[in-house]
Amino acid sequence: MLRAQELGRSFGDRWVFRGINLALEKGQCLCVLGPNGTGKSTLLKVLAGLMAPTEGAVTRPGRNGIGYAALDLALYPQLSAPEHLALFAKLRNVPDPGVKLLDSLGLPGVGSKPSGAFSTGMRARLKLALATMHLPEVLFLDEPTAALDDKGQALIGQTIQGQLERGAVIIATNDPADRSYATHELVLAG
Amino acid sequence: MNSSWLVESIAVFRKEWLSEMRSRHGLFTSFLFSLLSVVAMSLASFGQKPAPNLAAGMLCVTLLFSAVVSLPRSFLVEDEQGTFDLLRLAAEPTAAYAGKLIYNVVQSLLAVFVLTFLFVILTRVSVPDPFMLTVGVLFTAFALAGGVSLCGALVMGAMNRWLLGSAVALPVLMPQVFLGMGALRSALGGGTAPEGWQCVLGLLGWSVTLIASGPLLAAAAWKTDE
Amino acid sequence: MKARLAVLGVGLAVMTVYDFAAPDAKSFQEPSLARIMYWHLPSAMICSFFLFLSAYLGWRYLSKRDLAWDARLATSIELAALFGTLTMVTGILFSKVQWGEWWQWDPRQTSFLLVLFLMAVSLALRGGFADAKKRAAVSSAYALLSLLPALFLIAVFPRLPQVKAASFHPSDTIAKGQLDLFYKLGLYGTLLFLALLAYELYSMKVRVSLLKQRLDNRHGQQHDDQTAGSGSPATGVVRPVGVSEEH
């Protein structure tokens, strides 16, 4: 499903990580752990194809096989939640899940409110909706519960369990609650 | 080009349109800059009707500067607000570029026709061949949108991207400026009709080249799977 | 290498002496100073060559994604800028001496200035990106994009009838065989040795860039080896937990 061989990424002279090998299969949940600044988010971006590796190679599913949600991923501030879903349904070539998905993710009645006016937690839920609406093979979650309340954290748990039935999950986190879903762990340390 | 590619491109265009219409301040600032340029150019003629050669040059330079300032916006704003990763996750790169290009073509067409109309009114320059002026300005709008969009796409992620975008676009647009000046000079009565139509043809070729090569070059520059 | 450089140096010295010794070109305002053409024209030809080579190298990088092609591309752009500047400087001197003004707004002078701007912004664009692969991709795409404007400014624009009529530049003196034998020999000889010098500069700079790339890689590896067990934050140590991860 997802493979990385001798993966490394540097910024200028500074290597963030090097020599990472992994293979992820259906039903597996990999937790990437490590102190701040060890490159957990960078590793997720490289694995998801948002950033080029400096060395090594990644084999991953195509564009529609990947879902990605991260704290630092921005939404279009002028677009509402249904407009985001409609846009990404067209880009992903899948039916628009509409308000049903928003309701199930705890975003009922957001209507035409632009995402720029959302709270951090609401944005996190919408990003989760965008990452999962096309039922990806591999779901990347960067600090998924950081901005969420108890209900939101339970929602993440349900999403991960649902995802593991059809594919794999990679989570970058230091939260013990997120670690409880892991079938595998990768500790990045300097 | 398949139907899903077209659907993706139109979805990106719609997103651009909605975002710009709702924020409006960016579009308003760009329009204000263009308007100021055309008024300044008209003022520079001190109430005298400029000769066709000079008028063609003034108009071309006004259109060029208003384009290099306003058209890279759709790419650079995406970069600045950090939404490009979100778009790249879902959109096919050439379709994402094409959607933004369509938006820029629409914006360029609106700006170019409004500015040309204002320029003709304000400088009181006579237009013996309005058809050639219309066609010349039409292809100028396409060439400007094609060239500036591609340069905007290339400088995404660069340091000083706003300045760099304009700087890299200017030399690339020089053929368009020369050809546009040739076409407009003839339309304003400063050259022969065959010379003017030759330049219009050149503009058409240049626009087609920029618009056709843009998605491929932008996608090649954005590619991260290496 | 040393022998090659020596032959090149001697060749260029011989051509310089020849260029000064050749008879004056009578048809010019200042016949004795028209000799600057021996350097002006070959510099322009070499600049144009590197410009078109850059587009080819850009295409090679985009199709291979190997940074060695980017090293060649960067060198090619730098040399195009160098020989373009030489062309411009010799042209400006010639303009002052023969036509009475440092800058004539001659259409060909102006179009070549725009070519030089094309080179300058290519270098500025490269400076805008810290990441080597992103820089290489963007620079390659721009080199390809520049190909048509460069072709237009170098080959098409100067030959447009209205431009030809307005320009002081002779556009087909060589093609029509109007150069006398002394001038031909001087021009072609200087072109040959300047081209060899350009090739030498190109291959030296590319070798240096490739060595630098290799050194950077090796430095990174050594740094990694040295700090792997010491807990340095500059490197990442992977400790996979689970059965299916390879290490």
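Within every chain, numbering begins at 1; the chains are lettered A, B, ... in the order of the sequence lines, protein sequences first and strands thereafter.
In this structure, chain C has no heavy atom under 4.5 Å from any part of Leu216(B). Heavy atoms closer than 4.5 Å to chain C are found in the side chain of Leu164(B), but not in its backbone. Proximity to chain B involves both the backbone and the side chain of Leu145(C), based on heavy atoms less than 4.5 angstrom apart. At a 4.5 Å heavy-atom cutoff, the contact between Leu179(B) and chain C is made by side-chain atoms alone. When heavy atoms are compared at a cutoff of 4.5 Å, Phe152(C) approaches chain B solely by way of its side chain, counted from C-beta outward. Looking at Leu170(B), there are no atoms closer than 4.5 Å to chain C (heavy atoms on both sides), in backbone or side chain.
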Worked verdict on Trp197(B) versus Phe131(B) for ring-ring contact (aromatic ring centres under 6.0 Å, His included): CA-CA 11 Å; Trp197(B) 286 115; Phe131(B) 181 61; 5.8 Å; yes
List the steps and the verdict of side chain to side chain contact (heavy atoms under 4.5 Å, CB included) for Ser139(C) and Leu73(C). CA-CA 8 Å; Ser139(C) 180; Leu73(C) 169 63; 3.6 Å; yes
Working for ring-ring contact (aromatic ring centres under 6.0 Å, His included), residues Phe33(B) and Phe65(B): CA-CA 9 Å; Phe33(B) 176 84; Phe65(B) 278 93; 7.9 Å; no
Walk me through whether Thr94(B) and Trp5(B) qualify under side-chain hydrogen bond (donor to acceptor under 3.5 Å, both in side chains). CA-CA 8 Å; Thr94(B) 56; Trp5(B) 186 88; 2.8 Å; yes
Intermediate values then yes/no, side chain to side chain contact (heavy atoms under 4.5 Å, CB included), Leu144(C) and Leu62(C): CA-CA 10 Å; Leu144(C) 277 169; Leu62(C) 290 179; 3.8 Å; yes
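Atom OG1 of Thr123(B) sits about 9.0 Å away from atom NZ of Lys49(B), to the nearest 0.5 Å.
The pair Glu195(B)-Arg185(B) fails the salt-bridge criterion, with no side-chain N (NZ, NE, NH1 or NH2) lying under 4.0 Å from an Asp/Glu carboxylate O. Under the 4.0 Å criterion applied to side-chain N and carboxylate O atoms, Lys100(B) and Glu16(B) are assigned as salt-bridge partners.
Here Leu148(C) is the residue among Leu153(C), Asp131(C), Leu148(C), Val156(C) with the most heavy-atom pairs under 4.5 Å with chain B.
For Ser66(B), the side chain to side chain contact (heavy atoms under 4.5 Å, CB included) criterion is met by Ser34(B), Leu115(B), not counting sequence neighbours.
Scanning residues 115-128 of chain C against chain B with a 4.5 Å heavy-atom cutoff picks out Phe117(C), Leu118(C), Val121(C), Ala124(C), Leu125(C), Gly127(C), Gly128(C), ordered by number.
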